[in-house]
Structure formats: C-alpha cells, structure tokens
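Both ligands and their constituent atoms are indexed starting at 1 by order of listing.
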Amino acid sequence: MERRKFLKGAALGTAATALAAPAIAATNAKTMTIVSTWPRDFPGLGISAQRLAARITELSEGAIQTEYFASGERVRALDVFDEVASGNSQAYIGADYYWTGKHPALAYFTAVPFGMTFTELNSWIRYGGGMELWDKVQDQFGLKGLPAGNTGTQAGGWFNKEINSGDDFKGLKMRIPGLGGQVLSKLGASTVSLPGGQIYENLVSGTIDATEWVGPYNDYFMKFYEAAKYYYTGGMHEPGAQLSLTMNKSWWSSLTETERSIITAAALEENGNQYFETMANNGAYLKKLQEEHGVEVRNFNDDVWDAMADAAAEVFDEIASYDALAAEVNDAVQAKMREIGHSMALFEGVFTNQRNRIYGI
Ligand code: CA
C-alpha cells in the first residue's frame, strides 16, 4: 500500500513507468476476467494465453485490469464458452473448434481438415471477409472473437503402430477434436476430444491408443513419447490452428474505442508471437524427441492422405447441410483457400521447394 501511495503522489517519471502496470491501476480501471482452456503455465499454449492477459493490462497502462484463470481455476476448460456467453466472465482464450456442438461453423475459425495455413487463414480473416463471417457465427451466442495465437501446421499425431492405409484407423481410439476427429471417425476410428491436461494419463493408461496435440515444441513437454513411438509429421486436421480471445459481446460493446483497439492490438501481437515462437522451436524440439527419446518420425503416405480427403469431403457436405450460415462459411473457406493457396503455391511454394531441394533442407 505504501508503494502504491508513493506512486500516486509521484510525478510521471521513470520510477512509475518502470514498474508493472497493475501497480499503477487507474482508479476507474475496468476488470476483464479471462478464463482459459489451458492449464496454468502450460508450455506453449498456456504461457501464450497468460502473456496475452498480462499484455492487455500493460498496453492499457492499467486501465483494463485482466484477471486470468487457467482451466479449472474458475471453470473447467470446455465450459469457458458458456461462462463468457452468460456474462459471468468477460473473455475466454481457447480454440473455437472445441464448441462445434454449439455450431459446426465455429470450427472454421480454429482449423478444418485440408484447410488454411497460418498465412492463408489470417489473410482470409483480416482482408478476405473471414472476420465478418466469424462475427456472424459468434453473434448467435453474444460473443466477439479475435485471433490470438496460432500453432502452425500441426503434427499428424502419436501412434503406437504405423499407419499405412486408411484402414489402419479402424478401431483406433484417438484423441482428436474438431472436424479432424469427424474425418477419422468416418475411417472407423473412435475419437474423443479431451482437453490438453487429460491426454497423457489417458494415453498411458491405454484408454486411448493415439493422440494428436500440436507439434514438436508443444508435444515435447506432454511426454507422449512414453506411450507412443511413432510421430507423424504434418497432418490434414489442423493446417494452421488459430486460438481466439473471445469476449462477451455486450461487455465488448461497452468499451471505448481506444480500449477495444488496445485489446485488438494485444491479441494481434500474440497471434504472431505464438506462431513465431512455435516455428522458432519446432526444429530443435523435433531433434530432441528423436535423439533423447528415440521417437520414430513418419509421413502419412498418399493412400492415407487420399482416404482422409474422401472422408473430409463427406464431413464438409454434412456441415453445409446443417444450416445456411454453416454453408456460407464452408463455401467461403473452400473458395478463398483455393484462391489464396494457389498464388502462395506459385510463389512462396515454388521458391521454398527449390530452396529446400538445393540446400537439402
Ligand atoms: Ca491439435
């Protein structure tokens, strides 16, 4: 208290600005309670969410005081959607595809099978009409989301047997959420959508045979290598999985334009940060998985990819028949992915393929 009193009386000098933002909270500060789907200090995703919460307070110079609750600290991971829709908390950080049961189109704002990469997805959301469609889907629940992180193209997953054809998924019990799970269900897998904090125990106990999570940097800390030996590279299910900072819309609308801009800027900053941090670490952690833990890295072969693509086409047909909005979102994503993806393939794709061929990357 003494310190706070001192600061209040101090001129706006270096002493005040050097201290953490919460210590100099404005007297009329707004509280922003954020609930998250990730456990406290969870490597990668949890750390990213905590960084974003702190950054909002920092950028607003204390005018927006965030209170961050990791999964289970206020509500369970998958209950954060209802918590924010009801107005009990102001925002959640999570992956919108956890709630395809609320509306299937929510999946398109995290990741869909054979969908968009980080660059493609952000291009669509920011400059290609995606944000308007996301608003339309979330509006039904009184929510407003912003991109707030991206894991890049995710690993195909951890298996204790090799996957050499679509038939190898038959009878497999696998943790894989979202539409990717629906694709593998069509190939005969029995899929579940466990939150991150519960996967390891289920894999080790044999309740599930396989799991996907994120990629080498995030997966390393999950210790899945203790129960599954084969690690598959880029999968179809999450080509550029996006995380969201989703606000209660009434609360969002009550903010000033400046406050909304600060939250948007913080979210956008973390959207890039999380992706860049992941990309910077994936290579080193893949090597650690192989060298320290004997993990065997595999690619899905073309037969597996083709079987997954046939199943994905059925999933998209089902979504498009759910309602007009689901059809609108699916059509928009399919069209924009082809348009953005085509030019990226012709320029960035051609270049990186040749560079990597020549340099053996
Ligand atoms: Ca995943």
Checklist entry - Would one find more than 12 heavy atoms of other residues, nucleotides or ligands at under 6.0 Å from atom NZ of K287? => result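 Incorrect, the count does not exceed 12.
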Item to check | Metal site the Ca ion (ligand 1): N/O/S of T151 inside 3.0 Å | outcome: no
Checklist entry - Within P177, is some N, O or S atom less than 3.0 Å away from the Ca ion (ligand 1)? => result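 No, since none of the N, O or S atoms of P177 sits under 3.0 Å from the Ca ion (ligand 1).
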Next on the checklist: Tell me whether the NZ or CZ atom of K288 lies within the 45° cone about the ring axis of Y285 and under 6.0 Å from its centre.
Outcome noted: yes
Checklist entry - Which atom, counting only N, O or S, brings E212 closest to the Ca ion (ligand 1)? => result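 The closest N, O or S atom of E212 to the Ca ion (ligand 1) is OE1.
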Checklist entry - For the Ca ion (ligand 1), which N, O or S atom of E238 is at the shortest distance? => result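 Relative to the Ca ion (ligand 1), the closest nitrogen, oxygen or sulfur of E238 carries the name OE2.
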Checklist entry - What angle sits at the Ca ion (ligand 1) between OE1 of Q154 and O of W213, to 10°? => result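 Computed angle, vertex at the Ca ion (ligand 1), rounded to 10 degrees: 70°.
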Checklist entry - With the threshold set at 4.0 Å, does a side-chain nitrogen-carboxylate oxygen contact exist between E269 and R51? => result no
Item to check | Side-chain (T66) to main-chain (A53) donor-acceptor, under 3.5 angstrom | outcome: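 Pair found, side chain donor or acceptor close to backbone of A53.
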Next on the checklist: Within this structure, what is the NE2-CE distance for the pair H342 and M337, rounded to the nearest 0.5 Å?
Outcome noted: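 Answer rounded to 0.5 Å: 13.0 Å.
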